Structures are given as C-alpha cells and as structure tokens.
Protein chains: 2
Amino acid sequence: MTLSHDIPSKIDPLIKHFEDYLPLDEFDKSMLLPRVVERKIKRRQFILQEGDVCQHYNFVVHGCFKIYKVDEKGVEHNIQFVVENDWATDIGSFHAENPSELYIEAMEPSTILQINKTDLLFLYVNCPKFDRNFRVIIENKFIELQNRLLQSFSASAMERYLAFLQQYPALSQRIPNTQIASYLGITPEFLSKLRKDLVSK
Amino acid sequence: MTLSHDIPSKIDPLIKHFEDYLPLDEFDKSMLLPRVVERKIKRRQFILQEGDVCQHYNFVVHGCFKIYKVDEKGVEHNIQFVVENDWATDIGSFHAENPSELYIEAMEPSTILQINKTDLLFLYVNCPKFDRNFRVIIENKFIELQNRLLQSFSASAMERYLAFLQQYPALSQRIPNTQIASYLGITPEFLSKLRKDLVSK
DNA sequence: AAAAAACCTTAAGGTAGATTAAGGAAATCT
DNA sequence: AGATTTCCTTAATCTACCTTAAGGTTTTTT
C-alpha cells in the first residue's frame with residue numbers, strides 16, 4: 001500500500017506521460033518512483049557528449065534541448081529538438097552501449113528525470129507495461145526520423161521551413177534561427193533570405 | 001517434445017536470424033513455427049502499397065526489396081533496400097495501424113516469411129524472448145535511419161555514394177543505378193557523372 | 001552598466017546538383 | 001528472336017543553396 005496518489009511528486013509529469021498510452025496502477029508507480037532521478041540542467045550544459053555511452057533515458061519536465069552531431073569540418077547538425085514531455089536520449093548508444101556520435105545540450109535551464117539501464121531492465125522484467133511503453137517511445141521516434149528523412153529528400157528548404165513552423169509553432173518563438181537553420185540543413189544566411197521572401201510575398 | 005530440430009523447415013533462416021541475438025529452445029521454436037507463413041513474391045510485386053495498413057513483419061529469406069515513398073510530383077524516393085535475412089516492414093504503420101505512406105516492392109523474385117500482428121502479440125505474451133528480439137530489430141532500424149539522416153546533412157553526393165559502396169558492396173552489383181541514385185537522393189544523370197569522375201581519377 | 005558574445009540581415013559571387021534532351025546498350029517480355 | 005521497356009551516359013543550361021564579408025542588433029556575462 002502506497003500513498004503515492006495522494007502526495008504530489010517530482011515524477012508526476014512522467015506518470016502522466018506514460019498514462020497517455022496505458023493506465024498505471026499503484027504498484028507500477030511504486031516501482032517507478034525510486035528508479036527515477038530528478039536533475040536540474042543549466043543552459044549550455046551537456047547531458048551527453050560525443051564519445052560517451054548514453055547512460056540514461058532522459059525525460060524533459062521543463063526546458064529545451066538540442067540533439068546534434070558535429071561533422072569533420074566542425075559544423076553542428078541538429079537532428080532533433082526536445083521540449084517538455086518528451087525524451088532526450090541517444091537510443092542507439094543507450095541500448096547497444098556504443099560510444100555516441102551525438103551531443104545533447106540544454107538550450108534553456110531545464111529539469112529532467114533520468115532512468116538508467118539497470119533500473120529500466122528491472123522495470124521491464126517486473127512491470128511489463130513499461131516494456132510496451134518504451135517500445136512505443138522508440139516506434140514514435142522512429143516514425144519522426146523517417147518522416148524527416150523523407151522530407152529532406154523530397155522538399156525544398158522553403159517547404160521544410162514552412163512544415164517546421166506548422167509542426168512546431170511554439171518552438172520557432174523559443175529558439176534562435178541559427179538553430180532552426182541547422183535543423184533544416186541550411187545556412188542561417190539562407191534561412192534569413194527565406195524569411196524575407198515570406199514577408200515580402 | 002517436438003522434432004523440429006531434426007526436420008529442416010522453411011523457417012530455419014528466421015530461427016538462425018533470431019539466434020544471432022538469443023538462443024531459442026524447442027518450446028520457442030514450436031511457438032514460432034505455426035505463426036509464420038511463407039510467401040513467394042514475383043519481381044515488381046508489392047507487399048505494401050501507400051494507403052494500406054502494414055499487416056505483417058516480413059522477413060526476407062531470399063530476394064531483394066525496395067522501400068520507397070512517392071512524392072507529390074510522382075518521384076520515387078528509396079528509403080531502404082532489404083535483402084536476405086532482414087525485415088521489410090513499415091514499422092510505424094504496423095504498430096500504430098495507420099495507413100502507410102510507403103511502398104514495399106520486390107526487385108527480384110523473392111521468398112518471405114510473414115508474421116501478422118495477432119501472432120506477434122501472442123508470441124510477445126507467451127515467449128518474452130521474442131519481445132526482446134523485436135525491440136532490438138526496431139533499435140537497429142532506428143540507428144540505421146539516424147545514420148542515414150546525419151549523412152544526408154553532412155556529406156556530399158560523392159561521399160554518400162562511396163559510403164554506400166563500402167557499406168553494401170554486393171548490392172551495387174545487384175540493383176540498377178537508377179535505384180541507387182534514388183536512395184542517395186540524387187538524379188541518375190548526376191550519379192552517372194560521379195561514376196565517371198571516379199574512374200577517370 | 002559596460003563588455004563580450006551570440007544573433008540577424010544584406011548582398012555579391014560561386015558551386016553542387018537538377019533539368020532537359022537525345023542516343024545507345026541492356027534487360028525483359030512475347 | 002524480335003519488340004519493348006528499362007537503363008546508362010554525355011553535355012548544355014539552369015537554379016537552389018553556399019560562401020564570404022560586413023554592419024547592426026540583441027542577449028548574455030561580468
């Protein structure tokens with residue numbers, strides 16, 4: 001018997017997130033609670049750097065992160081932005097325990113909830129619901145990536161920018177255009193030109 | 001007690017594939033066998049078309065498939081080739097039961113093994129090993145996609161072509177250059193130029 | 001509050017890759 | 001075996017996007 005449903009907890013946003021898929025009972029919650037660690041992350045602080053193995057599933061409670069790769073020329077390429085109620089993790093590195101090629105960096109002061117691998121495996125074995133939940137998380141990330149790849153092939157920079165504005169209207173107010181340009185795969189100068197063309201049209 | 005380990009079966013390549021990750025015992029195999037259907041697929045035949053929900057996990061025993069999207073202008077964009085001992089499935093459509101945006105088409109006469117959703121869920125529940133196996137399948141597909149996206153941002157067409165040749169040396173002998181060009185995100189004419197530049201260098 | 005850093009814009013000139021068109025070689029179908 | 005479709009290549013022209021450079025603005029740090 002636990003009191004978790006009566007006591008507001010740091011992990012409430014995470015429970016709510018899981019319950020978008022499947023309701024959790026008191027047992028599930030009591031299993032989850034001691035395995036989740038809250039961390040405050042400063043602006044420009046990294047939660048993953050190239051060469052490190054990604055040790056955690058990171059759930060963003062509030063704040064905003066960018067996930068990017070640095071190419072041989074030193075240029076950053078944003079592959080994803082992560083805001084409230086989503087996961088900032090290098091799924092490949094985490095599961096295969098390979099050194100990551102990616103950086104995950106806070107763009108704002110942020111709060112995250114971390115689950116490490118041992119605890120995640122424990123949850124899989126003792127609460128099959130989490131198993132399903134994390135499968136769905138990966139599936140969704142997979143679909144997001146696939147759409148992004150398809151778009152990068154078949155759409156122009158302007159089309160991709162308009163699609164971005166439509167899909168993430170709030171984000172475009174929240175982060176600098178340099179970062180959006182990197183996400184779109186174009187230079188900040190060219191994005192500036194696209195924005196000018198949009199206004200003057 | 002089953003004799004499955006003595007009798008060669010149509011699903012042997014699939015069992016071998018799973019055992020690259022985790023050994024299966026006789027019980028596991030006896031669960032799998034009746035849930036797998038073999039199909040012969042003709043060249044140019046589709047196993048998935050845009051608008052249909054992807055109903056199966058398709059394991060390629062032999063032959064070769066392309067997974068592609070057709071854009072608004074009617075142009076095909078190959079997102080993946082699938083050959084022996086790999087899966088040709090729209091994972092997003094299968095799990096979410098959404099109409100797919102993709103086509104999966106045989107490029108050669110092929111043989112596949114199909115598992116439908118009901119049977120897959122049955123296996124998940126009754127043999128947790130398969131659960132883990134299919135998670136790993138998705139993870140690997142995810143990593144493949146992520147690398148492809150990163151490359152499409154930071155590498156030139158020539159670099160991407162060379163990387164393709166290195167990663168899939170056999171495939172480049174097996175499929176037409178038009179298809180490789182579509183995979184690389186360039187026109188066949190430009191690929192032809194790249195190939196000429198390679199030789200004359 | 002001042003200094004430093006990051007960000008945004010404009011514009012000129014350059015390049016990777018698209019488009020169009022057309023002829024020849026392979027593969028596939030009948 | 002012949003007919004048809006697909007595939008490959010070359011070359012000229014065109015365009016989306018990059019590069020470099022520079023000045024002004026906003027945000028962040030001290």
Side-chain angles (χ1 to χ4, degrees), chain A residues 41-45 63-64 66 68 71-78 81 105-110 151-165 171-201, chain B residues 41-45 63-64 66 68 71-78 81 105-110 151-165 171-201:
Chain A
I41 310 292
K42 287 185 198 143
R43 186 159 191 270
R44 296 213 163 117
Q45 189 179 342
C64 178
K66 58 177 172 176
Y68 62 94
D71 70 21
E72 330 76 54
K73 288 153 209 141
V75 181
E76 294 180 12
H77 301 274
N78 289 339
F81 298 118
E105 182 184 338
M107 303 175 77
E108 300 173 358
S110 302
Q151 227 191 20
S152 86
F153 278 164
S154 61
S156 69
M158 178 62 99
E159 288 167 329
R160 279 177 276 143
Y161 180 50
L162 292 174
F164 174 82
L165 291 181
L171 250 192
S172 66
Q173 308 299 98
R174 198 167 161 184
I175 64 182
N177 285 327
T178 39
Q179 296 305 319
I180 296 176
S182 166
Y183 177 89
L184 296 174
I186 61 179
T187 58
E189 292 85 354
F190 191 60
L191 177 55
S192 187
K193 182 177 177 297
L194 293 182
R195 289 159 54 76
K196 191 183 167 193
D197 293 351
L198 269 184
V199 171
S200 73
K201 195 219 55 183
Chain B
I41 310 291
K42 287 185 199 144
R43 185 159 191 269
R44 297 212 163 119
Q45 189 179 340
C64 179
K66 58 177 174 177
Y68 62 94
D71 69 21
E72 330 74 53
K73 289 153 210 141
V75 181
E76 294 180 12
H77 300 275
N78 288 340
F81 298 118
E105 181 184 339
M107 302 175 76
E108 301 172 358
S110 303
Q151 228 191 18
S152 85
F153 277 164
S154 62
S156 68
M158 178 63 97
E159 288 167 329
R160 277 177 278 145
Y161 180 51
L162 293 174
F164 174 81
L165 291 180
L171 250 191
S172 64
Q173 308 299 100
R174 199 166 160 183
I175 63 181
N177 286 326
T178 38
Q179 296 305 319
I180 296 176
S182 165
Y183 178 88
L184 296 173
I186 61 178
T187 58
E189 291 84 355
F190 191 60
L191 177 54
S192 186
K193 181 176 178 300
L194 293 181
R195 287 159 56 76
K196 190 183 167 193
D197 293 351
L198 269 185
V199 172
S200 73
K201 198 218 53 187

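Keep in mind the model is a prediction, meaning the values are calculated, not measured. A, B, ... follow the sequence lines: proteins, then strands. Residue 1 opens every chain.
Here the side chain of B:P176 is nearest to one of D:dC18, C:dC8, D:dC8, namely D:dC8. Relative to the side chain of A:R160, the nucleotides C:dA11, D:dC17, C:dG17 differ in distance, and D:dC17 lies closest.
We find that CD1 of A:I175 is positioned 15 Å from P of D:dT27, with the value rounded to whole Å. Separating the CD1 atom of A:I180 from the P atom of C:dA6 is a distance of 19 Å, rounded to the nearest angstrom. Per the geometry, CD belonging to B:E108 stands 14 Å off C1' belonging to C:dT28, to the nearest Å. Spacing between atom NZ of B:K73 and atom P of C:dT20 amounts to 12 Å, rounded to whole angstrom units. If you take CD of B:E159 and P of C:dT15, they are 17 Å apart, rounded to a whole angstrom. Rounded to a whole Å, the CZ atom of B:F190 is 18 Å from the P atom of D:dT15. In this structure, CE of B:M107 is placed 15 Å from C1' of C:dT28, rounded to the nearest angstrom. If you take CD of A:E76 and C1' of C:dA6, they are 13 Å apart, rounded to a whole angstrom.
B:Y68 carries B:K66 over the face of its six-membered ring, with the cationic atom under 6.0 Å from the centre and within 45° of the normal.
Ring-plane geometry between A:F164 and A:Y183 is classed as tilted, the angle between the planes lying from 30 to 60 degrees on a 0 to 90 degree scale.
For the OP1/OP2 pair of C:dC7 and a distance below 4.0 Å, the side-chain nitrogens and oxygens of A:N177 include no atom meeting the criterion. Look at B:T178 and you'll find a side-chain N or O under 4.0 angstrom from OP1 or OP2 of D:dC8. In this structure, A:R195 reaches the C:dT9 phosphate: one of its side-chain N or O atoms is under 4.0 Å from OP1 or OP2. At the phosphate of C:dA6, neither OP1 nor OP2 sits under 4.0 Å from any side-chain N or O atom of A:R43.
What you find for A:S110 and A:G63 is that their closest heavy atoms are OG-CA, 3.2 Å. Across all their heavy atoms, B:A155 and B:R160 have their closest contact at O-NE, 3.3 Å.
Note on A:S192: a base of the nucleic acid sits closer than 4.0 angstrom, heavy atoms only.
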Q. A:M107 and A:Q179: side chain to side chain contact (heavy atoms under 4.5 Å, CB included), yes or no, with the steps?
A. CA-CA 10 Å; A:M107 303 175 77; A:Q179 296 305 319; 3.5 Å; yes
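Of the two residues contacting DNA chain C, namely B:K193 and B:E189, the nearest-nucleotide position lying further toward the 5' end is that of B:K193. With DNA chain C read from its 5' end, the first of the two nearest nucleotides for B:S156 and A:L191 is the one closest to A:L191.
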